[in-house]
Amino acid sequence: MNLKFQKIFITVNPAITRKKALLFIEEKLFEAWDLQYGEPLTLMAGCRSVPVLVQPFPSSQPTIKLSFDTNQILSLPAFSDPISVTFHAEDRSINIGPFFAALINQLPLKDGTFGEMEKFYQEMKSYCHQQGFSFFLVGIQSLKEGVVEGYWPGQNGWQTLTLPIPNVFYNRIHSRRMEESPTFDLFTNELKSYSIPMFNGRFLSKFDVHELLLLENELLSNLPDTILFNEKEAFFTFLENHSVIYLKPSSGSQGRNICRLTQVDGKWKIEQTGHIQNVHIADTNEKLYNALKKFCRKQAYILQKGISLFEIDQRKVDFRILLHQNEQFQWKVTSMVARIGDPGNIVSNLAQGGMMKNGSDFLKEVFDPQEAGRLHQRLIRLAKKTAHTLAENHDDLFGELGIDLALDVDTHPWIIEVNSKPSKKFQGNYETFRPSVKSIVEFMLTLDRENHP
């Protein structure tokens, strides 16, 4: 019989130091697990294990008591709350965990927090602890010793401790350069050698996403014409076909370093995000090409057909739809917001001064109820199809995606961007936990169960 995990108190008795590690188990648990006095079992945490001999002891609550040496071998932190423990009758083992972690590349700030991400990490920690799971933060490092150096949430902030290797990693690295480094590749290979899943493995390239989504015929009418900005001949052909074009960094985020190119009286007007007054004119295609080459500074950029976006009060509007995979590995919508840009700005990103409203409420304010409902369902379906197509055709595992969709002036929906590291900046008030926290933890649990059926 394989009992599902139970929340159990774990304590350490520093006085117990014997050659054969003893594990004391509260009497009712001892009986429920059908154990025998002195029976040898294997105690596991993360990638480490230790042989133990079990004995019952009286306690008013479900508790297991470890020797100091056993605790040191497993690198367990001091647990203030009951933690999930699973007894596996088939192989006579007890597994402490699972342990969940976010992979990060940040160091704590002077105040000991992680800045904009602190609120999110605290919510992850609190929700995990409420469920009986451990959550902590880990940087890229060698896993060869079977343990990690991590940031453990304590009463006095984040403590640096040696901890068990997590059962599941959620990648929140904020550096594309780090993800492209040999160090990151070595780390991911070590994860594979331990059969440890990590989801949202890398930042996404806009052009790569576009190419993958082109594989799904159902999405073709929702994808703006897009090419890499590179060869002059292809660039000139693109200019002939479109009078409004957006130039975007293929690996950019937050609406930075985007240019809008608009053909006016045979010339091209160049506008840049964040610089409303900074407008340039190129009077030939050749001059436009040279100006953009200088602007791109050898970085990868894409050219995308400009869409006549739906506007309200001269503010451009698009929609960020946050999706997560559920226990059946199907995509579900966790939230949908309308992003309303600054007047005159060429994008609607919040980082560029935009404001946010609940997506469904915004549609109801602008359209009649029937049309608002129709558009809402259409955007939801498109977001799910986009997430499914990307996940099916990409090598990495994704548990969370932020998909940006927009309506044009005829209310036709378009796919603008897919983000594998959606913002976790705290926005709004939640009585308990934001929905994305619950969805991420549930997906981590799903991956752990798939890995250890």
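Keep in mind the model is a prediction, meaning the values are calculated, not measured.
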Classify the ring geometry of [X] against [Y]: parallel below 30°, tilted from 30° to 60°, perpendicular beyond 60°.
{"X": "Phe114", "Y": "Tyr151", "value": "perpendicular"}
{"X": "Tyr127", "Y": "Phe433", "value": "perpendicular"}
{"X": "Phe199", "Y": "Tyr170", "value": "parallel"}

Any donor-acceptor N or O pair under 3.5 Å, side chains [X], [Y]:
{"X": "Trp158", "Y": "Glu118", "answer": "yes"}
{"X": "Glu400", "Y": "Ser436", "answer": "no"}
{"X": "Ser251", "Y": "Ser205", "answer": "no"}
{"X": "Asn326", "Y": "Trp331", "answer": "no"}
{"X": "Asp111", "Y": "Thr113", "answer": "yes"}

Quick check for you: to the nearest 0.5 Å, what is the distance between [X] atom [atom1] and [Y] atom [atom2]?
{"X": "Glu190", "Y": "Ile165", "atom1": "CD", "atom2": "CD1", "value": "8.0 Å"}
{"X": "Asn290", "Y": "Leu288", "atom1": "CG", "atom2": "CG", "value": "9.0 Å"}
{"X": "Ile321", "Y": "Asp404", "atom1": "CD1", "atom2": "CG", "value": "9.0 Å"}

Verdict with supporting geometry, Glu179 and Asn171, side-chain hydrogen bond (donor to acceptor under 3.5 Å, both in side chains): CA-CA 10 Å; Glu179 287 186 348; Asn171 182 8; 2.9 Å; yes
Heavy-atom pair of closest approach, residues Thr386 and Ile415: OG1-CD1, 3.4 Å
Exercise: identify the closest heavy-atom pair between Phe99 and Leu76: CZ-CD2, 3.9 Å
Show which side-chain atoms of residues 364-373 pair as donor or acceptor with protein atoms under 3.5 Å away, not counting sequence neighbours.
residue	atom	partner	partner atom	Å
Glu365	OE1	Lys357	NZ	2.9
Asp368	OD1	Gln370	N	3.1
Asp368	OD1	Glu371	N	2.9
Glu371	OE1	Arg374	NE	3.0
Glu371	OE2	Arg374	NH2	2.9

Positive for side-chain contact (heavy atoms from CB on, under 4.5 Å) with Asn393, one of Leu213, Leu214, Leu212: Leu212
May I have the list of side-chain donor-acceptor pairs in residues 438-447 shorter than 3.5 Å, sequence neighbours left out?
residue	atom	partner	partner atom	Å
Ser439	OG	Lys332	NZ	3.4
Ser439	OG	Pro435	O	3.2
Thr446	OG1	Glu442	O	2.9

side-chain hydrogen bond (donor to acceptor under 3.5 Å, both in side chains) between Thr334 and His324, intermediate numbers included: CA-CA 7 Å; Thr334 305; His324 294 91; 2.6 Å; yes
Ion pair Glu116/Lys424, N-O distance below 4.0 Å: no
Lys248 NZ/CZ over Tyr301 ring centroid, <6.0 Å and within 45° of normal: no
Atom pairs and distances, side-chain donor-acceptor, residues 234-245, under 3.5 Å, sequence neighbours left out:
residue	atom	partner	partner atom	Å
Thr237	OG1	Glu233	O	3.0
Asn241	ND2	Thr237	O	3.3
His242	NE2	Asp225	OD2	2.8

Trace of the side-chain hydrogen bond (donor to acceptor under 3.5 Å, both in side chains) decision for Asp318 with Trp414: CA-CA 9 Å; Asp318 69 12; Trp414 295 89; over 6 Å; no
